[in-house]
Each structure stands twice: as C-alpha cells, then as structure tokens.
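Notes for the one structure printed next.
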Amino acid sequence: MAASSPLPFPGADASSGVRREGLTVFVRGLEVAAGIGVHDHELGRLQRLLIDVSLDLAPAAVERLADTINYETVAEAARAIATEGHVGLVETFAERLAMAMLADARVRRCTVRIEKPGALDGAVAPGCEVTLAR
C-alpha cells in the first residue's frame, strides 16, 4: 500500500497523465560590484550591477540540491567574472556569465539581464539581456 500524503491531492506520477516539461531556476536582483565600462571615468573604479539570471533545465525530478542548480553557483560565477578584472561592456559580462552557466550540461538555455544603475542620466537602469542556448 502506498504511503498516504498529508496533502489534499495525490502526487504526480505516470498514471496521472502529468509530465514534467521543464524547470526554471532563477536569481533576481543580484548585486555585484565590478570594474566595468569603456569611458575614462569608469576605469579604475567599481560600479554596481544588478543581475538577473534565468536557467532553463531539462525536466527532471528534484529531491536534493544536487538535482538542480544551486543559487549560490550563479552568484559565485558572477562574482568570479567581476574579480577577473575590468570588463568593457555589460554585454560582454552577460555573455561570460551565460557561458559559465551553460558549462553545466543540465542547463539548456540561459538568460542574463544586467542593469547598470547610474550609467545614464534620466534612466533608472540601462543595461542588456542576452540569451544563449544549446
């Protein structure tokens, strides 16, 4: 006899007609201080970046942290890019971060959005968004 669930609905299984179609893991609003920019006044100083990352994973059961992508992995990758040295463009930073996330074979698609507050007078936050997929 199957164990009863304390939830008011049955679990999804093959006989229920429910199938996993995908899993998206995301980190929003990650603040990273980075040497970034192409203008003279941007060289030799850190600027604040706000980073959003969305990872589309292959559909799979997730019961343990090892079954998915840890949020901290995303943050560590972004911080590592920042500590490698000055990056000219937010587009370059975004692409490097997306490539780092795609190094994990479970990631099928990665979207990185970077805002650079204070970079443009009159704008809340200019930036870019890049999507890479396998």
Side-chain angles (χ1 to χ4, degrees):
M1 176 180 234
S4 66
S5 170
L7 301 175
F9 49 85
D13 60 25
S15 65
S16 69
V18 174
R19 71 180 186 280
R20 290 179 183 88
E21 291 194 352
L23 170 65
T24 301
V25 172
F26 60 87
V27 173
R28 292 195 182 126
L30 176 67
E31 285 194 39
V32 172
I36 194 156
V38 295
H39 300 292
D40 288 342
H41 69 274
E42 295 178 300
L43 302 176
R45 70 182 187 97
L46 298 179
Q47 295 186 71
R48 183 172 157 244
L49 300 179
L50 293 176
I51 302 172
D52 298 339
V53 177
S54 181
L55 306 172
D56 292 339
L57 308 179
V62 177
E63 298 293 331
R64 306 172 329 243
L65 186 56
D67 297 333
T68 189
I69 304 295
N70 186 339
Y71 311 131
E72 191 57 38
T73 301
V74 176
E76 288 171 358
R79 292 179 188 125
I81 293 167
T83 60
E84 286 174 350
H86 191 89
V87 177
L89 301 170
V90 292
E91 292 85 351
T92 303
F93 194 108
E95 187 162 319
R96 287 180 187 171
L97 182 52
M99 290 296 292
M101 295 298 93
L102 285 166
D104 188 312
R106 297 172 296 180
V107 178
R108 300 188 315 184
R109 177 182 167 112
C110 177
T111 299
V112 176
R113 177 186 176 95
I114 300 181
E115 296 180 8
K116 190 177 170 186
L120 181 63
D121 286 341
V124 173
C128 75
E129 183 172 289
V130 63
T131 300
L132 301 178
R134 41 177 104 255

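The figures here come from the full heavy-atom set of this structure, side chains too, leaving out hydrogens, waters and symmetry mates.
- Rounding to the nearest 0.5 Å places CZ of R79 at 9.5 Å from CD1 of I51.
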Legend entry - Stepwise side chain to side chain contact (heavy atoms under 4.5 Å, CB included) test for K116 and I36: CA-CA 9 Å; K116 190 177 170 186; I36 194 156; 4.0 Å; yes
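- When atom types are taken as modelled, the side chain of D56 and the backbone of T24 share no donor-acceptor pair closer than 3.5 angstrom.
- The nearest pair of heavy atoms linking V87 to R96 is CG2-NH1, 3.4 Å.
- When hydrophobic clusters are built by joining Ile, Leu, Val, Met, Phe, Trp and Tyr residues whose side-chain heavy atoms come closer than 4.5 Å, directly or via intermediates, M99 is grouped together with I81.
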Inset, instruction - Starting from the C-alpha separation in whole Å, work towards a yes-or-no answer on side chain to side chain contact (heavy atoms under 4.5 Å, CB included) for L55 and R109. - result: CA-CA 6 Å; L55 306 172; R109 177 182 167 112; over 6 Å; no
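- Nearest heavy-atom pair, T83 versus A80, reported as atom, atom and distance to 0.1 Å: OG1-O, 3.0 Å.
- A salt bridge does not link R48 to E115: none of the charged nitrogens lies less than 4.0 Å from a carboxylate oxygen.
- Annotation: side chain of L57 is in contact with side chain of I69 (closest heavy-atom distance under 4.5 Å).
- Counting only heavy atoms from C-beta outward, the side chains of V62 and L23 approach each other to under 4.5 Å.
- Side-chain atoms of E21 and P59, non-hydrogen and from C-beta on, never get closer than 4.5 Å to each other.
- For E72, the CD atom counts as densely surrounded, since its 6.0 Å shell holds more than 12 non-hydrogen atoms of other residues, nucleotides or ligands.
- Heavy-atom minimum distance, G29 versus D52: N-OD1, 2.7 Å.
- Rounded to the nearest 0.5 angstrom, R106 CZ and T68 OG1 are separated by 6.5 Å.
- To the nearest 0.5 Å, atom CZ of residue R45 and atom NE2 of residue H86 are 10.0 Å apart.
- Taking CG of L132 as the start and CG of L102 as the end, the distance is 6.0 Å to the nearest 0.5 Å.
- Distance check: R113 CZ to L30 CG gives 14.5 Å after rounding to the nearest 0.5 Å.
- Here CG of L89 is found 11.0 Å from CD of E95. Values are rounded to the nearest 0.5 Å.
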Legend entry - Intermediate values then yes/no, side chain to side chain contact (heavy atoms under 4.5 Å, CB included), V74 and M101: CA-CA 7 Å; V74 176; M101 295 298 93; 3.7 Å; yes
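- A pairwise comparison of heavy atoms in A34 and L49 identifies CB-CD1, 3.9 Å as the closest pair.
- For the residue pair T131/T111, the side-chain donor-acceptor check at 3.5 Å is satisfied.
- The minimum heavy-atom distance between A77 and L97, with the atom names listed, is CB-CD1, 3.7 Å.
- Around the CZ atom of R28, the shell of radius 6.0 Å holds no more than 12 heavy atoms that belong to other residues, nucleotides or ligands.
- Heavy atoms only, all atoms of each residue included: V130 and A94 are closest at CG1-CB, 3.4 Å.
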